[in-house]
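Here is the structure we will look at, set down as structure tokens.
Keep in mind that the numbers below use all heavy atoms, side chains included, and drop hydrogens, waters and symmetry copies.
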Amino acid sequence: MSLEWTLLGLRLAAAALLYAFLGLAFFMIWQDLRRADSQARVKTSPCLRVMAVAEDDLSLAAGDMLPLQPLTLLGRSAENTIVLADAGASGRHARLRQDNGTWWLEDLGSKNGTLLNELPLSRPALLTQGDVIGIGSLRLKFETDTTA
């Protein structure tokens with residue numbers, strides 16, 4: 001009778017060790033996947049790189065990186081996501097928005113207009129890697145990979 005109880009105890013201990021091992025393995029895999037996902041998001045987070053700056057704009061320097069949010073407003077007003085000190089920018093000048101993984105640029109009826117690759121923007125336009133956005137004397141390059 002004692003041998004049966006010993007075997008039962010050993011079986012239960014082996015099952016518990018097996019489940020503990022599997023649980024630990026799944027937890028470690030889950031942590032690695034989360035870490036890889038967060039690193040992938042950091043590498044592909046879109047931004048605007050400042051290319052040319054007005055001489056009177058001391059708030060930005062060529063080469064500055066301006067991170068984008070899914071809805072980013074550009075203009076001189078302090079309520080914008082990215083505040084531009086350029087005199088050629090309107091209070092609410094332009095909007096960048098992400099829609100199903102694609103980025104769109106829209107002029108918000110600004111006085112001086114918005115340029116996309118040096119052409120006036122008349123309706124919302126799809127942005128692609130390397131597009132240059134012109135607001136006043138500022139030139140901002142759209143980059144989807146900050147490591148580029």
Side-chain angles (χ1 to χ4, degrees), residues 9-148:
L10 288 174
R11 286 181 186 155
L12 290 175
L17 282 173
L18 178 63
Y19 283 116
F21 173 76
L22 290 174
L24 181 63
F26 284 125
F27 178 74
M28 291 173 68
I29 291 170
W30 177 69
Q31 290 285 46
D32 283 345
L33 288 174
R34 279 189 36 195
R35 191 175 314 118
D37 183 49
S38 67
Q39 288 174 352
R41 287 183 186 191
V42 168
K43 287 182 181 175
T44 60
S45 61
C47 67
L48 294 177
R49 181 184 299 272
V50 178
M51 295 178 60
V53 184
E55 295 168 4
D56 59 343
D57 187 354
L58 302 175
S59 64
L60 296 173
D64 282 354
M65 302 292 279
L66 307 173
L68 298 178
Q69 297 178 7
L71 179 63
T72 302
L73 296 173
L74 303 163
R76 286 191 325 191
S77 171
E79 299 169 353
N80 290 301
T81 313
I82 298 175
V83 179
L84 306 172
D86 188 282
S90 298
R92 287 190 50 176
H93 196 98
R95 172 179 29 226
L96 288 122
R97 66 179 166 81
Q98 186 179 29
D99 186 22
N100 292 327
T102 59
W103 283 88
W104 293 84
L105 173 66
E106 178 181 3
D107 183 74
L108 297 176
S110 62
K111 181 180 177 184
N112 295 323
T114 302
L115 301 177
L116 179 60
N117 299 321
E118 300 304 322
L119 298 173
L121 189 66
S122 59
R123 57 188 164 92
L126 181 66
L127 286 174
T128 58
Q129 173 75 12
D131 280 346
V132 176
I133 300 167
I135 296 176
S137 59
L138 291 172
R139 294 299 176 265
L140 308 166
K141 185 176 182 182
F142 179 75
E143 295 181 353
T144 56
D145 187 357
T146 59
T147 60

Would you find a donor on one side and an acceptor on the other, under 3.5 Å apart, between the side chain of [X] and the backbone of [Y]?
X	Y	result
Thr114	Ile135	no
Asn112	Gly88	yes
Arg97	Trp104	no
Asp107	Ala94	no

Hey, what do you get for [atom1] ([X]) to [atom2] ([Y]), rounding to the nearest 0.5 Å?
X	Y	atom1	atom2	result
Arg123	Leu105	CZ	CG	12.5 Å
Ile133	Leu121	CD1	CG	9.0 Å
Leu66	Glu143	CG	CD	10.5 Å
Leu17	Leu12	CG	CG	11.0 Å
Leu96	Gln69	CG	CD	11.5 Å
Leu140	Leu115	CG	CG	11.0 Å

Would you say Asp131 and Thr128 are linked by a side-chain donor-acceptor pair, where the criterion is simply a distance under 3.5 Å?
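Checked: Thr128/Asp131 side chains pair up, N/O donor to acceptor below 3.5 Å.
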
For a side-chain contact (heavy atoms from CB on, under 4.5 Å) check, start with the C-alpha distance between Arg92 and Asn80, then their side-chain angles and the critical distance, and finish with the verdict.
CA-CA 7 Å; Arg92 287 190 50 176; Asn80 290 301; 4.0 Å; yes

Where Ser90 and His93 come nearest, the two heavy atoms and their spacing
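Here Ser90 and His93 meet closest at N-ND1, 3.0 Å.
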
Between Leu116 and Ala125, which heavy-atom pair has the shortest distance, and what is it?
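Closest approach of Leu116 to Ala125, heavy atoms only: CD2-CB, 3.6 Å.
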
Pair Leu71-Thr81, side-chain contact (heavy atoms from CB on, under 4.5 Å): steps then yes or no:
CA-CA 8 Å; Leu71 179 63; Thr81 313; over 6 Å; no

Among Ile82, Leu138, Leu68, the one residue meeting side-chain contact (heavy atoms from CB on, under 4.5 Å) with Leu74:
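For Leu74, the side-chain contact (heavy atoms from CB on, under 4.5 Å) check succeeds only for Ile82.
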
Hey, is CD on Glu79 packed in by over 12 heavy atoms from elsewhere, all under 6.0 Å?
no

